[in-house]
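All remarks here apply to the structure that follows.
First listed ligand is number 1; within each ligand, the first listed atom is number 1. When reading the values below, keep in mind they use all heavy atoms of this one structure, side chains included, and skip hydrogens, waters and symmetry mates.
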Amino acid sequence: MSATETAIASADAHSAHNYHPLPVVVASAEGAWMTDVEGRRYLDLLAGYSALNFGHGNRRLIDAARAQLERVTLTSRAFHHDRFADFCTELAALCSMEMVLPMNTGAEAVETAVKTARKWGYRVKGVPDGMAKIIVASDNFHGRTTTIISFSTDPEARADYGPYTPGFEIVPYGDLTALREAMTENTVAVLIEPIQGEAGVLVPPAGYLPGVRELTRERNVLFIADEIQSGLGRTGKTFALEHEGVVPDMYVLGKALGGGVVPVSAVVSSADILGVFKPGEHGSTFGGNPLACAVALEVIAMLRTGEYQERAAELGDHLHRELGLLTGGGAVETVRGRGLWAGVDIAPALGTGREISERLMEERVLVKDTHGSTIRIAPPLVISKEDLDWGLDRLRTVLSA
Ligand SMILES: *Cc1c(COP(=O)(O)O)cnc(C)c1O
């Protein structure tokens, strides 16, 4: 057996089969490239679902992590540490908000947003105890905890995990009328992704997000933007909502915030909203740890230059122009997305998204399918134009075969 086959057989035997990875075993990576255990190089057009916006082994991030590793890595929030204040101040400033509540994974940050909205509903809005409702969108992806999958519409994510957490209302994504009709006095928040990543990089109709902003403001309901995947440069702006000139009440961030080095997530909001928490009412042993703060501070400094957003916008225009050309030929049905982020619906006759991904892997390009015949393209924002063009050439080869 090859080194690849041996590694996969052993993973299959000893790990739960809750994923179905492509049969490639990565041993090292740099920038937009990964090298497998047999020395083959692959172009990474997934970037860890946007956790690797700054590329693999980014020098600034690795240096920041290494320096912090030598000083102090974990204190727990029982004590202050000397990177915490800077992290919160800088992240709040990046978001033009006032307060930060750090967690680790995206799902934990979404859970934190849910708890914040409910507490705000009872303490500030005056919703009767136990009655708070949060409105979410169909085809959402917000994580994998029991509460979060309770409001998923994906049977794979949800089946067999009941009883489900009550208090959520699901309305069709992009439908303002449905959202207006679902709102009651007990609605405390609307939680949505400004672009739905896992659903296939779905961009809502123009005017939807400003409409959500207007409605939520009118009804004294919090607008919670899950920008875990869409945020931090991916779409060509720091936040996807900026394209619509919309400012939410709360950002939920994760993925790229940890620079592909450590998991770092956070809820970022105003003082009247995050101010609802008192000591002991919420927390995390690892949330806001020194190593996480050091890496995230470097991520924030990099984003403050604006150069990654600019790259994503420029290369994104190029990507969408090139993918657009493919839609004429019949191999590609639709292309959606913004910036360096695209959902590509392949003509089903050419194969499932999985099959296309496997063929691309043979051409040394790594992507991930979503549902049906859709593949998603989300390269690290540091990818060169030449490498991106090379990847697009490989895609054309696979689609014309
Ligand atoms: C990935 C993701 C999450 C969950 O993040 P985890 O770190 O995997 O828990 C939540 N929301 C969105 C939009 C995501 O893309």
(request) Could you name the option among Lys255, Glu193, Gln229 that has the heavy atom nearest to atom 2 (C) of ligand 1? (result) Lys255
(message) Can you tell me how far apart CD (Gln309) and CG (Leu303) are? Round to the nearest 0.5 Å.
(response) 5.0 Å
(message) Determine whether Glu38 and Thr4 satisfy the following criterion, side chain to side chain donor-acceptor pair (under 3.5 Å), listing intermediate values before the conclusion.
(response) CA-CA 7 Å; Glu38 296 177 60; Thr4 299; 2.3 Å; yes
(request) For Ala107, counting its heavy atoms only, list the atoms of ligand 1 lying under 4.0 Å from any of them. (result) 4 (C), 5 (O), 6 (P), 9 (O)
(message) Which residue is it: Leu241, Val247, Leu191? I am looking for the one with a side chain to side chain contact (heavy atoms under 4.5 Å, CB included) to Phe223.
(response) Leu241
(request) Look at Arg336 together with Asp345 and state whether they make a salt bridge at an N to O cut-off of under 4.0 Å. (result) yes
(message) Angle between ring planes, Phe87 versus Phe84, binned at 30° and 60°: parallel, tilted or perpendicular?
(response) tilted
(message) Among all the protein's heavy atoms, is there at least one whose distance to atom 8 (O) of ligand 1 comes out below 4.0 Å?
(response) no
(message) Any nitrogen or oxygen of Gly143, side chain or backbone, less than 3.5 Å from one on ligand 1?
(response) no
(request) Sort out for me which residue in Ile383, Leu366, Leu395 forms a side chain to side chain contact (heavy atoms under 4.5 Å, CB included) with Leu45. (result) Ile383
(request) Check each heavy atom of Tyr49 against ligand 1 and say whether those closer than 4.0 Å belong to the side chain, the backbone, both or neither. (result) neither
(request) Can you sort out which atoms of ligand 1 are near Asp226, meaning under 4.0 Å from one of its heavy atoms? (result) 10 (C), 11 (N), 12 (C), 13 (C)
(request) Please confirm whether Gly106 comes within less than 3.5 Å of ligand 1 when only nitrogen or oxygen atoms on both sides are compared. (result) yes
